[in-house]
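Input: a single structure, listed below in structure tokens.
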Amino acid sequence: MNDIRLLKDQQREKHPGFDSYIECMSRSLLTGLATFSLGFAGVYFLQQIGQRYLPYTKKVNILVATLVATGAAYKVTSDRTRACQARWMAVEEKYSVLQDAIEPADPVVAACQPLPQLHICRDKFTDSSKYKGGKQAGKRYKAIASTHDESSEQDDEAFEDTMNNQSELMEDREYDSVASSAMHVTKQILNIQHVAIIQPYIKWGPRKNPTKPELLLQEAEALIRSLPRWNIELSMKVPVETLDKRQLFGSGKLEELKGIIQARQETGTPLTCVFISKGTLTYSQKQTLEQVFRLPVMDRYSVVVQILRLHAVSMEAKLQVALAELPYIWSQVKDQEGSAKGSGRIFLSDSQRQMLQLRERKLRNELSTIRSHRELLRNRRRQKNFPVVAVVGYTNAGKTSLIKALTEEQSLQPRDQLFATLDVTAHAGLLPCKLEVLYMDTVGFMADIPTGLIECFVATLEDAMLADVIVHVQDMAHENCAEQRAHVERTLGKLMQSNGERALSPDRIINVGNKIDLVAFPAGLPVDCNDGGEEQRLHLISSRTLVGVHELLMEVERRVLRVTGRQRIVIRVPMGGQEMAWLYKNAAVTESAADPKNAERLLVSVVITEAKLQQFRHLFIRNRS
Ligand SMILES: Nc1nc2c(ncn2[C@@H]2O[C@H](COP(=O)(O)OP(=O)(O)OP(=O)(O)O)[C@@H](O)[C@H]2O)c(=O)[nH]1
Ligand SMILES: [Mg+2]
């Protein structure tokens, strides 16, 4: 059964008109069958009447009726089948015309190998809703998130319905062809890619990047390695005067690069695309470079989109990626229109523009529905009074690994890939005092990612910004640790400001230096990573070997209790009284033992907020006295 489905999917992939063909053929067969039945019934009926006047037997009647009905059915079916074929061809033709209209007109570029298509199924997350980490974790999270009332279940059902509608947006062939032509990204990445990476960098001047070109190149390589089956065949850094030139590189440099790529094509594995590690290439830069290299050219934006598409598991992440693609396509359209020496060919037809506008509206609507659901979940969490600890940091710093170490949730799968986590997910964990907290895993930050791309993910960080405590994970083994830290702090600060959230007080932030197992201590520790007061102290840990994780857990407990105004106290309560039930409901009971001085009383250790403690006093202690 699966094979048939796979075969059908392959046909659909190859022939856009496949669906209409199948539909048409089924209808022809049904019409043939109906004609046969009607024809048979009609002729048989006439023959029955004629029998009165003609000397035919019943057998002859049936024979004649069958012959006439078969003839009629054959005629109708063959006519309809021909119509079917014509329609199929028309749909195929329409798609090929559409492709021609948006593919580069240059025959050389058109002859470039198409980008690969990979069917990759990832299952890092257990569910498309707001938690990950296996059945058990799912259950725990659901228990935490749910208020057990009917209205919340109805909300969830309505939400599920909305989710089903959203899949339509994901299956839009017209959009897919526009996106693949504008960004060279494909919906399914199938084949092996052989990539040449070129890292342009400004050698001097005010626009020089503070990060060393070697590190920029390393990051570009890490981006490509995040795509399975994409192989790096060549990688080089190229100095440029400015990143805005029409052909990006000077003419001499361009010739040199062309020579290197050509030589490579003739001797080694043929390249399938060139990745220019610049945020966004303008339309004319891309056109020029594609013509020179005779290969499809991708920029950081389109490579990141490809990675995001691969890692987006939940519907929210998929919608966000879909929305993140639109600014890029529009910017290419704008560039092409603005370019005086444009080829004169229209990049997008009017109907395609309308389609993009409509798509954007729909995506925004769907996302706002999801966000209100997220807010609902957040409110439920607040009602339940669980402290929330958000884990943030540069991509690949080890956020997911740290949560795995803190919660011992085995099903979490950290991966050595950039943007492996694309959903904000919650994971329950216990502090040493037995207080339950929720750790939020978040999307990683990255420098030199165009704002349009990241903006769509900002909303997912809302949970992080509203968290009680923020754990900022830094990769100590990365050469660029200090710059990465500064980038995360800058971005977080900006996000807080633009959202009007409470300021990011140092009290709420715990700085964690991860991967110390990879660092030769102490020389490997960047000097500026450990300055600042006690609050900004860097907690050195290894999520892999678990060194320092317990101490970090103690620190998380200390901060959570302080920031949320909770305290650990021991209360003496009567055995079997209302007090105990009240405490279980309103505080975290961490231990209870019989009171050695009074057999009728219990000593209960609780973690409780000041407000709840006042309430307890008011309800029970004052009444007693
Ligand atoms: N040696 C070592 N490797 C680590 C440590 N922590 C994480 N890693 C590795 O670093 C890689 C990235 O880990 P993740 O936990 O997925 O990182 P992340 O920050 O969640 O990454 P994104 O979700 O992609 O932003 C994985 O290969 C981990 O195994 C550590 O303490 N030591
Ligand atoms: Mg992660």
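In each ligand, atom 1 is the first atom listed, and ligand 1 is the first ligand listed. Note that the numbering runs from 1 along the sequence shown for the chain. Bear in mind that the values here come from a model prediction, so they are computed numbers and not experimental data.
Of all atoms in ligand 1, numbered sequentially from 1 with element shown, those under 4.0 Å from a heavy atom of Thr395 are 22 (P), 24 (O), 25 (O). Below 4.0 Å from some heavy atom of Asn396 lie the following atoms of ligand 1, by number and element: 11 (C), 12 (C), 17 (O), 18 (P), 19 (O), 21 (O), 22 (P), 24 (O), 25 (O). Near Gly444, meaning under 4.0 Å from one of its heavy atoms, ligand 1 places the atoms 25 (O). Atom numbering of ligand 1 starts at 1 in the shown order; those under 4.0 Å from a heavy atom of Thr400 are 15 (O), 20 (O). If you number the atoms of ligand 1 from 1 as listed, the ones under 4.0 Å from a heavy atom of Gly398 come out as 7 (C), 13 (O), 14 (P), 15 (O), 17 (O), 18 (P), 19 (O).
Remark: distances from the non-hydrogen atoms of Gly393 to ligand 1 are all 4.0 Å or more.
At a threshold of 4.0 Å, the pair Lys318-Glu366 does not count as salt-bridged, since none of the basic side-chain nitrogens sits closer than that to a carboxylate oxygen. Electrostatic pairing of Asp299 and Lys278 does not count as a salt bridge here, judged by no charged N lying under 4.0 Å from a carboxylate O.
With 2.8 Å as the limit, Thr395 does not count as an N, O or S neighbour of the Mg ion (ligand 2).
The only member of Asn231, Ile232, Ile307 that meets side-chain contact (heavy atoms from CB on, under 4.5 Å) when paired with Ile224 is Ile232.
Remark: side-chain polar atoms of Arg544 are not paired, donor with acceptor, to backbone N or O of Asp517 under 3.5 angstrom. With hydrogens and angles ignored, the 3.5 Å screen pairs a side-chain donor or acceptor of Glu290 with a backbone N or O of Val297. Between the side chain of Gln285 and the backbone N or O of Leu243 there is at least one donor-acceptor pair closer than 3.5 Å.
The shortest N or O to N or O distance between Asp441 and ligand 1 is not under 3.5 Å. Looking at Ile516 next to ligand 1, no N or O pair under 3.5 Å apart turns up. Between Thr442 and ligand 1, a contact under 3.5 Å exists for no N or O pair. Residue contacts with ligand 1: Pro414 is placed with no nitrogen or oxygen under 3.5 Å of a nitrogen or oxygen of the ligand (distance criterion only).
Here Tyr328 pairs with Tyr301 under the ring pair (Phe, Tyr, Trp, His ring centres under 6.0 Å) rule; sequence neighbours left out.
When the heavy atoms of Ala477, Ala397, Ser401 are ranked by distance to atom 13 (O) of ligand 1, first place goes to Ser401.
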Side-chain polar contacts of residues 194-203 - donor-acceptor pairs under 3.5 angstrom, sequence neighbours left out - could you list them?
{"from": "His194", "atom 1": "ND1", "to": "Glu233", "atom 2": "OE2", "distance (Å)": "2.7"}
{"from": "Gln199", "atom 1": "OE1", "to": "Ser277", "atom 2": "OG", "distance (Å)": "2.8"}
{"from": "Gln199", "atom 1": "NE2", "to": "Ser277", "atom 2": "O", "distance (Å)": "3.3"}

